[in-house]
Undergrad: 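I have a structure here, written as structure tokens, and I will follow up with some questions on it.
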Amino acid sequence: PESSSGSSPLADHSAYISRPKRPRVSSSDAADEDDHTTAEVKYRDRRNKNNIASKRSRQTRKQKFVSMEEKAIELERANEELRLRVVELEELAKEMKDALVKRLSK
């Protein structure tokens with residue numbers, strides 16, 4: 001049973017058969033497997049170190065943010081105290097100015 005075009009199904013398959021085959025992995029490639037295992041161990045070691053460094057970095061950043069928030073609260077409190085002191089001193093200056101004017105007008 002050939003197709004109407006005259007070519008057999010095996011003719012289409014011949015392109016695949018003519019390719020060179022991949023070399024088989026032999027037991028002598030155990031050194032390559034050891035290298036692969038060593039590379040995996042090195043990779044995991046680097047990943048673990050990076051994970052630890054990332055965690056430490058996140059903790060440091062979080063602590064820095066908490067410290068900045070505490071400092072901001074402290075500065076806002078000090079700023080409010082200074083504003084109240086300014087109001088007190090302005091009132092005192094006005095009282096003294098009024099007293100001076102009153103004394104000079106006598």
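The structure presented is a predicted model; accordingly, all values stated were derived computationally and were not measured.
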Undergrad: Using the side-chain contact (heavy atoms from CB on, under 4.5 Å) rule, pick out the option among H36, R44, K42 that qualifies with E40.
TA: H36
Undergrad: Is the CZ atom of R85 crowded by more than 12 outside heavy atoms at less than 6.0 Å?
TA: no
Undergrad: Using the rule given for side-chain contact (heavy atoms from CB on, under 4.5 Å), can you reason through K55 versus Q59, listing the C-alpha separation, both sets of side-chain angles and the distance that settles it, and then say yes or no?
TA: CA-CA 6 Å; K55 184 177 182 180; Q59 288 173 339; 3.9 Å; yes
Undergrad: Please check if the side chain of S54 supplies one atom and the backbone of N50 the other of a donor-acceptor pair under 3.5 Å.
TA: yes
Undergrad: Please round to the nearest 0.5 Å and tell me the distance separating atom CD of E90 and atom CG of L92.
TA: 11.0 Å
Undergrad: Could you state the interatomic distance from CG (N79) to CG (L84), rounded to the nearest 0.5 Å?
TA: 10.0 Å
Undergrad: Measuring from K102:NZ to E95:CD, what's the distance to the nearest 0.5 Å?
TA: 12.5 Å
Undergrad: Can you measure from CG (L82) to CG (L75) and round to the nearest 0.5 angstrom?
TA: 10.5 Å
Undergrad: Drop me the distance from R56's CZ to I52's CD1, to the nearest 0.5 angstrom.
TA: 7.5 Å
Undergrad: Hey, are K49 and D45 close enough for a salt bridge, meaning a charged N less than 4.0 Å from a carboxylate O?
TA: yes
Undergrad: So do N51 and R47 actually touch side chain to side chain, heavy atoms under 4.5 Å?
TA: yes
Undergrad: Going by atom type alone, with no hydrogens or angles, which donor-acceptor pairs under 3.5 Å involve a side-chain atom of residues 61-72 and a protein atom two or more places apart or on another chain?
TA:
residue : atom : partner : partner atom : Å
Q63     : NE2  : S67     : OG           : 3.4
S67     : OG   : Q63     : O            : 3.0

